[in-house]
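One structure is given below, encoded as structure tokens.
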Amino acid sequence: MKIQENVLLAPYTTFKIGGNARFFAQVSSVAELEEAVAFAKEGSDETRHLPIFVLGGGSNVLISDNGFDGLVIKNEIMGIVEEGERIIAGAGENWDNFVRYTVEEKGLNGLENLSAIPGTVGAAPVQNIGAYGVEAKNTIEWVEVYNLTTRKIEKLSNADCRFGYRDSIFKDERKNNIILRVSFLLSKNGKAMLEYKDLKMFFAGRADVPSLCEVRDAVIKVRAGKFPDLSKIGTAGSFFKNIVIPRTEYQTLLRKFPTAPAFLADPSRKVQGSTSTSSQNSVQEKSNDPAVKVPTAWVLDKVCNFKGVRRGNIGMFENQALVMVNYGGGTAREVRTFAEEIIFCVKQKTGLTIYPEVEFVG
Ligand code: NAP
């Protein structure tokens with residue numbers, strides 16, 4: 001394994017933004033990973049105690065224009081093992097290739113709604129990726145990690161991962177863990193989830209139940225109509241998280257914006273600004289004020305009119321107001337400035353605070 005110096009990170013991210021990594025290593029095995037970690041932790045005087053950042057598909061990050069003054073490890077640990085309905089995949093596997101394999105080659109149900117999400121298998125538990133009513137946490141059985149503190153391999157159960165809405169223990173407490181492999185428990189006879197409007201409309205008029213492959217194709221088609229084509233345009237997907245607030249706060253919002261949509265939030269979802277999932281939710285339950293989810297895309301589109309708005313090289317996508325895009329030559333500084341403008345506008349018009357879903361690095 002080679003440790004490179006001064007490697008431009010922009011091409012390794014879907015946003016196509018970011019300066020240089022001081023050091024950069026592509027690892028395809030645990031042994032290579034250990035070698036890279038040793039380099040950062042106890043290399044020469046010059047390189048000792050370097051911060052480490054692990055990059056997967058680079059699909060949910062905004063890397064600073066100044067880059068990352070440490071070691072970037074690109075996780076390319078591959079391999080897929082099939083044990084009946086259990087499928088174990090290396091963290092570096094491309095997510096959508098993996099989904100295609102489970103659906104089209106194995107006929108297994110569980111991941112079809114998560115088709116066409118950019119990124120790697122290793123990123124799926126970190127963000128608990130979700131789409132059309134399905135989240136990665138529904139099928140993740142365990143996650144195998146390399147703990148950078150103890151420098152040991154550990155296996156975390158689904159419960160250990162403390163999954164929430166686009167959230168998991170890997171975003172805070174276990175930030176020092178590098179995901180090696182993920183085990184998914186899928187099903188031969190499961191039922192596809194078709195409750196979301198876009199999928200319902202796609203299959204409207206169909207009397208029979210669509211096959212898993214048809215559901216996957218539908219998701220790919222629907223997403224292609226809404227989300228930018230990554231081969232043509234830079235983006236990190238949804239830039240902000242959905243708004244999750246107590247129902248009483250939503251009722252206040254409705255007085256000003258009577259058409260504001262909302263959905264009952266999953267009980268594991270954090271209420272705005274909360275840092276602890278469990279304590280917040282127990283407060284919610286006691287006060288009988290369940291959390292609701294208000295689509296941030298709706299607020300950005302209908303309240304703040306940001307859909308299709310451009311600031312220099314950056315803009316909010318014309319088909320989906322939650323998706324920030326880089327039309328070419330955009331910088332992290334431009335993204336941050338535009339994001340601040342959007343956060344300010346939402347606060348001013350609704351009193352609500354929105355939070356980025358994208359991880360800021362460097
Ligand atoms: P959409 O279907 O237009 O829906 C807008 C928002 O309303 C979504 O965020 C969704 O919440 C919520 N929603 C819609 N119907 C719902 C229902 N029946 N029950 C509960 N919540 C409902 O969203 P979109 O922008 O076109 O995206 C399609 C799907 O892809 C969404 O599920 C979105 O979350 C997902 N997506 C995921 C990622 C990611 O994981 N990084 C990135 C982009 C899009 P949910 O977000 O909870 O589904």
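Just follow the structure's listing: the first ligand is 1, and inside any ligand the first atom is 1.
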- Item | Nearest neighbour of atom 38 (C) of ligand 1 from the list Gly130, Pro261, Pro118, on a heavy-atom basis | Gly130
- ligand 1 atoms nearer than 4.0 angstrom to some heavy atom of Lys226 are 1 (P), 3 (O), 24 (P), 26 (O)
- Looking only at heavy atoms, is any part of Asn242 under 4.0 Å from ligand 1, and if so is it the side chain, the backbone, or both, or is it neither? side chain
- Task: Check ligand 1 against Glu357 and write out every atom of the ligand that is under 4.0 Å from a heavy-atom position of the residue.
- Result: 39 (C), 41 (N)
- Query: Would you say Glu104's side chain and Arg100's backbone share a donor-acceptor pair under 3.5 angstrom?
  - Reply: no
- Selection from Tyr196, Phe227, Trp298, Phe239 by shortest heavy-atom distance to atom 10 (C) of ligand 1: Tyr196
- Task: Check each of Gly237, Gly119, Ser238 against atom 42 (C) of ligand 1 and report the one with the nearest heavy atom.
- Result: Ser238
- Message: With salt bridge (charged side-chain N to carboxylate O under 4.0 Å, His left out) as the test, pick out the partner of Arg181 among Glu154, Glu144, Glu141.
- Response: Glu144
- Task: For the residue pair Ser187 and Asn189, confirm or rule out a side-chain donor-acceptor distance under 3.5 Å.
- Result: no
- Query: Do Glu357 and Gln127 meet the criterion of a side-chain donor-acceptor pair at a distance under 3.5 Å?
  - Reply: yes
- Message: Show me which atoms of ligand 1 lie under 4.0 Å from any heavy atom of Gln127.
- Response: 41 (N)
- Within the distance-only criterion (no hydrogens, no angle test), does the side chain of Trp95 pair as donor or acceptor with the backbone N or O of Ala123 below 3.5 angstrom? no
- Task: Return the option from Ala136, Ser59, Ala131 holding the heavy atom at the smallest distance from atom 30 (O) of ligand 1.
- Result: Ala131
- Message: Asn242 and side-chain hydrogen bond (donor to acceptor under 3.5 Å, both in side chains): which single residue from Tyr355, Tyr165, Trp298 fits?
- Response: Tyr165
- Under the side chain to side chain contact (heavy atoms under 4.5 Å, CB included) rule, what do Ile220 and Arg216 come out as? Steps first, then yes or no, please. CA-CA 6 Å; Ile220 291 171; Arg216 173 171 156 79; 3.7 Å; yes
- Query: Can you find a non-hydrogen atom of Leu322 under 4.0 Å from ligand 1?
  - Reply: no
- Message: Given Lys293, Arg166, Arg223, identify the one with the heavy atom nearest to atom 33 (C) of ligand 1.
- Response: Arg166
- ILVMFWY cluster membership beyond Val61 - transitive side-chain contacts under 4.5 angstrom: Val7, Leu9, Tyr12, Phe24, Phe53, Leu55, Ile63, Phe68, Val72, Val361
- Task: State the atoms of ligand 1, each with its element, that fall below the 4.0 Å cut-off from a heavy-atom position in Pro295.
- Result: 6 (C), 7 (O)
- Query: Are the side chain of Ser168 and the backbone of Phe163 linked by a donor-acceptor contact shorter than 3.5 Å?
  - Reply: no
- Mind checking whether Lys197 contacts ligand 1 via backbone (N, CA, C, O), side chain (CB onward), both or neither, at a 4.0 Å heavy-atom cut-off? neither
- Option of least heavy-atom distance to atom 15 (N) of ligand 1 (set: Tyr132, Phe263, Tyr165): Phe263
